[in-house]
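One structure is given here, and the rest of the page talks about it.
Per chain, numbering begins at 1; letters A, B, ... match sequence-line order. The figures here come from the full heavy-atom set of this structure, side chains too, leaving out hydrogens, waters and symmetry mates.
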Amino acid sequence: MRPDRYNFAECEQRWQKIWEQNQVFKAGELETAPKYYVLEMFPYPSGRLHMGHVRNYSMGDVIARFMRARGYDVLHPMGWDAFGLPAENAAAQTGAHPAQWTYANIAAMRTQLKSLGLSLDWTREIATCDPEYYQHQQKLFLDFLKSGLVDRKKSKVNWDPVDHTVLANEQVIDGRGWRSGALVEQRELIQWFLKITLYSEELLTALDKLERWPEKVRLMQRNWIGRSEGMLVRFALSQPFDSICEIEVFTTRADTLFGAKFIALAADHPLSKKLAAERSDIAEFCEECRRGGTSAEAIETAEKLGMDTGLRVAHPFDANWMLPVFIANFILMDYGSGAIFGCPAHDQRDFDFAKKYSLGATLVVCPDGVAPSELNFDLEPYEGEGKLINSGFLDGLTVSQAKEAVANRLENTPLFGAPQGSRKVNYKLRDWGVSRQRYWGCPIPIIHCEACGVVPVPEQDLPVRLPEDVTFDQPGNPLDRHPTWKDVSCPSCGAPARRETDTMDTFVDSSWYYARFADPHNKHLPAAAASLNRWLPVDQYIGGIEHAILHLLYSRFFSRAMRDSGHSAASEPFSGLFTQGMVVHETYRDAHGGWISPASVRLETIDGARKAFLIEGGAEVEIGPIEKMSKSKKNTVDPDEIVASYGADTARLFVLSDSPPDRDVIWSDEGAQGAWRFIQRLWRVTGELGCVAAAPGVIAPQQTGAEALALRQATHRAIASVTENIERLRFNSAIARIREFVNELTESLDKVQEDGVGADQAFAFREAADVLARLIAPMVPHLAEECWSDLGHGGLVAQASWPIADPGLVAQARIILPVQVNGKKRAEIEVPHDADEDTIRKESLAHDAVVRAMDGKPVKKFILVPKRIVNVVV
RNA sequence: GCGGGCGUGGCGGAACUGGUAGACGCGCCGGAUUUAGGUUCCGGUGACGAAAGUCGUGGGGGUUCGACUCCCUCCGCCCGCACCA
């Protein structure tokens, strides 16, 4: 007996069990089929799934199920980005060991994920904190070291002197550590770096070929890599200072050299440091510059400060022209040469700086069509194109000609035995510092020996495991203060030596996990070449836009580093990328301004205005702005609760339907109820269809009446547009089309006569029902299975093939053509789809509304866009 | 500060490569069914207007026979900025 209501709780569990028993989602079972690898960014095991996860994984699941139905061998795995700071914070707060905390969280989240009915291949599950995983990461690190892709150098960090730890920029608030409140110091540590800059050019140019990436992400990466063509120019000091006799600057505007007013050095420039060693005022100023923080944001938004060092340099084109040398807080040592020449008239920052220190400005580029005398640069600098003025031999040249001329001249001007200037391509991209002074990360497999220096851990000694007996009750790195862990003998000379106690940035873990999924149980290799070649690259990667730069760029570097150290063939990790939006929710606050959870709020519409009341007590609460779900604002919705009260299919349908997937979706209870109603409606409609449909597998009858034909056309048009929308990842539009199709089916069912249907209609209803079950299967898979089985099918809809639209049934015989007069729509005409222009013209001009709008004026122009529109210009 | 994005009815959004603005849903209004409804079904719903029609895609300007779509400019909101993941 078919129940009136779809019992999601019972059905969802039952189908999940059947899928699992039949291993329906195991990858690699169809070796002759083309492969398709769909991957969602793996989660950090915080312990609770949030709606953002539900949305992310639902999208991936639609693609996975869709591609499986289309005959692909689909790899759709899941794992855990399991190293990271929160586990250590939890350990410090609750005493739970990071491993214990992490694995408990993984277990909880795995259960939550499984309740969503995602078509994941759980046999490939990995966790990055598992030695089975990180031993291969250590091997990769050593292979990269051999291939010259690893470096060890000094780098500046934010040091918290109380917590004895390095802080991220976001952990530095107003110059103080977020936890200790201590004034943060800048320290130089020797750190391990991966040499991503070796790939600057390749990472940049290869972006052009990533056609299935959003253009905005490619642009962001392009800007991040920051290629600029310019020159290195050396300025001679009027008097050598402590053996330094020149300053080298990088500039992209060598054409403006005649507008130079000053030289500015970074506080960390070698010359600044030498000056600081001798002069306390300079030392103090440099300290002040460092206090601002290391982030680019802090440096660039800070007020521009400088200090005249008293040093002078000679202008390259006039030995008698002296320029002052400043130390300035907006110059970054990491970029270019850590020194610039300032041209106030043609650069905003130089302009601001010169204004503040009254350094003057000389105009050297004049926009075309403007007389130099008309120029007024008191208010803002001019950064555009034009012709050179006030510039000696450059006068009259364009900006690019002047750059050429300066380069040619300086390349042939000797200074201290070398050309004074040289062309240089500079990148903003810096090497990737991977050292972290933390416990819960992948140990860097290195041993420090006094005699032999830096010695790699021999391969047979891998993995270097984290010690388990550590405590988090004291500040600092537990690995560093562990009594015995770091004591080893040198693999090369046998003398007592010390382990590297730094662990790797967790971005390293996530830079190759997609490759491990290809061969997750391989004991000897990160992944066998055959597996990598079978599965890589990931065909569709899905995750948040917040990873647009770092994670994705590091992964792109890693796949190249793996290629160049002999692991795999693919250069790019992800051939398709999709960045989904967040799940956001209204906020609620009580009379005292305290945040109120949506679960304790009841919404009502009174006189057209939405109002919110506390469920307990009934006091009115204020409806606040819609914001990203966060614990602090209590505007989160727990997926478990939604799954318990509405079912996984409703949750999945809702997060996919209301907004385009790349934009934020607003979670609302009304919307969730709407999705739930549609689930029930689908169930009822399939039941009604089942009553009038022919038996499964019946062959199309010879004769098809008008009703049946219309229904078949609706079915095939639905197939065509749902398929197209899923291919374009427009899940919201795909669902809208399914809803339209269901509306059409309801209409057809309403027209069915009491005395039943003919064979042609029975066939059309059968076709429609079978198509509907398959079209909804990627989004609401449990319901789809239930309908499929209810419709009399033996197998699983998860294993059924995707319906194919018959082009003959999709095409329209007659089309409706809007008619415009002077660009305004005045009428619609219906014509055969292949009507010729004359017919259309006659019919358009004969239409009442068109005649009226033309007001007796003659036709000036008749525009026909085939199958789209007619425009009569009078 | 630099870089990236977004802006369409009461609300979420649709509109493919410049060709009918508002698909589909939510909400609301009206009706029917039901012992009941937080169920289901049917109809209506951008604004102004009696209608013809006029206006309308954040504001202003431009290109075009035709602009949500392209260009310029202004406003508002969001994201990233290298040790959060």
Fill in the blank from the handout: When both distances are under 3.5 Å in a Watson-Crick or G-U wobble arrangement, the nucleotide paired with B/A52 is none
Practice task
For A/Ser435, answer base if it contacts any base atom (sugar-phosphate contacts may also be present), sugar-phosphate if it contacts only those atoms, and nothing otherwise; contact means non-hydrogen atoms under 4.0 Å.
Solution key: base
For nucleotides 36-41 of chain B, give me every protein contact, N/O to N/O, under 3.5 Å, one pair per line with atom names.
{"residue": "B/U39", "atom": "O2'", "partner": "A/Arg5", "partner atom": "NH2", "Å": "3.3"}
{"residue": "B/U40", "atom": "O3'", "partner": "A/Arg684", "partner atom": "NH2", "Å": "3.0"}
{"residue": "B/C41", "atom": "OP1", "partner": "A/Arg681", "partner atom": "NE", "Å": "3.4"}
{"residue": "B/C41", "atom": "OP1", "partner": "A/Arg684", "partner atom": "NH2", "Å": "3.3"}

Handout entry: Watson-Crick or G-U wobble partner of B/U33, both distances under 3.5 Å
Key = none
Handout entry: Base-pairing mate for B/G27 - Watson-Crick or G-U, with both contacts under 3.5 Å
Key = B/U45
Practice task
For the pair A/Asp268 and A/Lys156, evaluate salt bridge (charged side-chain N to carboxylate O under 4.0 Å, His left out) and give the outcome as yes or no after the intermediate values.
Solution key: CA-CA 10 Å; A/Asp268 291 308; A/Lys156 271 201 313 188; 2.5 Å; yes
Handout entry: Nearest-angstrom distance from the residue atom CZ of A/Phe678 to P of B/C26
Key = 10 Å
Exercise for the section: Report the distance from atom CD1 of A/Ile225 to atom P of B/C81, rounded to the nearest whole Å. Expected result: 16 Å
Practice task
Using atom CH2 of A/Trp80 as one end and atom P of B/A85 as the other, report the distance to the nearest whole Å.
Solution key: 17 Å
Practice task
Look at all strands and tell whether A/Arg222 reaches a base, only sugar-phosphate, or nothing, counting heavy atoms closer than 4.0 Å.
Solution key: nothing
Handout entry: First encountered from the 5' end of RNA chain B, between A/Tyr44 and A/Leu429
Key = A/Leu429
Handout entry: Integer-rounded Å distance: B/G53 P and A/Lys825 NZ
Key = 11 Å
Exercise for the section: Could you tell me which non-hydrogen atom of A/Val722 sits nearest to which non-hydrogen atom of A/Ala734, and how far apart they are? Expected result: CG2-O, 3.9 Å
Problem - Check: A/His53 side chain, A/His50 main-chain N or O, donor-acceptor pair, under 3.5 Å - result: yes
Practice task
Select base, sugar-phosphate, or nothing to describe what A/Glu724 touches, counting heavy atoms under 4.0 Å on all strands.
Solution key: nothing
Exercise for the section: Return yes if some donor-acceptor pair links the side-chain N/O of A/Arg826 with the main-chain N/O of A/Val850 below 3.5 Å, else return no. Expected result: no
Practice task
Go through the steps to decide whether A/Arg222 and A/Glu215 satisfy the test salt bridge (charged side-chain N to carboxylate O under 4.0 Å, His left out), and finish with yes or no.
Solution key: CA-CA 10 Å; A/Arg222 254 178 227 124; A/Glu215 184 52 37; 3.3 Å; yes
Problem - Between B/U69 and B/G61 - P atom distance, rounded Å - result: 14 Å
Practice task
Would you indicate what A/Glu740 reaches in the nucleic acid, counting non-hydrogen atoms under 4.0 angstrom: base, sugar-phosphate, or nothing?
Solution key: sugar-phosphate
Exercise for the section: Check whether any side-chain N or O of A/Tyr6 sits under 3.5 Å from a backbone N or O of A/Pro3 as a donor-acceptor pair, and report yes or no. Expected result: no
Practice task
Sticking with atom C1', work out how far B/G13 lies from B/G25, rounded to a whole angstrom.
Solution key: 9 Å
Fill in the blank from the handout: Reading nucleotides 3-15 of chain B from 5' to 3' and marking B where a protein heavy atom lies under 4.0 Å of the base, S where only the sugar-phosphate is that close, and - otherwise, the string is SSS-S----BSSS
Exercise for the section: Kindly say whether A/Asp431 contributes a backbone atom to a donor-acceptor pair with the side chain of A/Thr197 at under 3.5 angstrom? Expected result: no
Problem - Closest to side chain of A/Arg852, choosing from B/G19, B/G53, B/C55 - result: B/G53
Exercise for the section: Could you state the atom-to-atom distance from NE2 of A/His847 to C1' of B/U20 in whole Å? Expected result: 13 Å
Handout entry: Rounded distance in Å between the P positions of B/C83 and B/G60
Key = 45 Å
Exercise for the section: Looking at every strand, decide which applies to A/Lys860 at a 4.0 Å heavy-atom threshold: base, sugar-phosphate, or nothing. Expected result: nothing
Practice task
Go through B/A85, B/C26, B/C24 for me and flag the one nearest to the A/His547 side chain.
Solution key: B/A85
Problem - Side chains of A/Phe558 and A/Leu194 in contact at under 4.5 Å (non-hydrogen atoms) - result: yes
Practice task
Give one of base, sugar-phosphate or nothing for A/Arg436, where a contact means two heavy atoms less than 4.0 Å apart.
Solution key: base
Fill in the blank from the handout: In whole angstroms, the gap separating C1' of B/G25 from CZ of A/Arg737 amounts to 15 Å
Problem - Sugar-phosphate only, base, or nothing, as touched by A/Gly84 at under 4.0 Å among non-hydrogen atoms - result: sugar-phosphate
Practice task
Under 4.0 Å between any heavy atoms, over every strand shown, what does A/Phe862 touch: base, sugar-phosphate, or nothing? Just pick one.
Solution key: nothing
Problem - Aromatic A/Phe330 / basic A/Lys304 pairing, under 6.0 angstrom, 45° off normal - result: yes
Handout entry: Distance, rounded to the nearest Å, where A/Met333 contributes CE and B/A82 contributes C1'
Key = 18 Å
Problem - Whether A/His551 and A/Phe507 hold their rings parallel, tilted or perpendicular, with breakpoints at 30° and 60° - result: parallel
Practice task
Using the P atom on both, measure B/G9 against B/G59 and round to a whole Å.
Solution key: 10 Å
Exercise for the section: Considering only atom C1', compute the distance from B/G49 to B/A15 and round it to an integer number of Å. Expected result: 27 Å
Practice task
Assign B/G9 to syn or anti; the rule is syn for a glycosidic angle within 90° of 0 and anti otherwise.
Solution key: syn
Practice task
Could you tell me whether the side chain of A/Val870 reaches within less than 4.5 Å of the side chain of A/Phe862, counting heavy atoms only?
Solution key: yes
Practice task
Just name whichever nucleotide pairs with B/C2, Watson-Crick or G-U, keeping both distances under 3.5 Å, else none.
Solution key: B/G80
Handout entry: Pairing partner (Watson-Crick or G-U wobble, both distances under 3.5 angstrom) of B/A15
Key = none
Problem - Donor-acceptor pair, side chain of A/Arg556 and main chain of A/Leu203, under 3.5 angstrom - result: yes
Handout entry: Between B/A85 (P) and A/Leu552 (CG): distance, integer Å
Key = 16 Å
Exercise for the section: Take atom C1' in B/G76 and the same atom in B/U8, then report the distance between them in whole Å. Expected result: 16 Å
Exercise for the section: Check every strand shown and say whether A/Leu167 touches a base, only sugar-phosphate, or nothing at a heavy-atom separation below 4.0 Å. Expected result: sugar-phosphate
Problem - Donor-acceptor pair, side chain of A/Asn725 and main chain of A/Ser721, under 3.5 angstrom - result: yes
Practice task
For B/G62 and B/C28, measure between their C1' atoms and round to the nearest Å.
Solution key: 40 Å
Exercise for the section: With RNA chain B as reference, determine whether A/Gly433 or A/Ile735 sits nearer its 5' end, using the nearest nucleotide of each. Expected result: A/Ile735
Problem - Gap in Å between the two C1' atoms, one belonging to B/G56 and one to B/G46, rounded - result: 8 Å
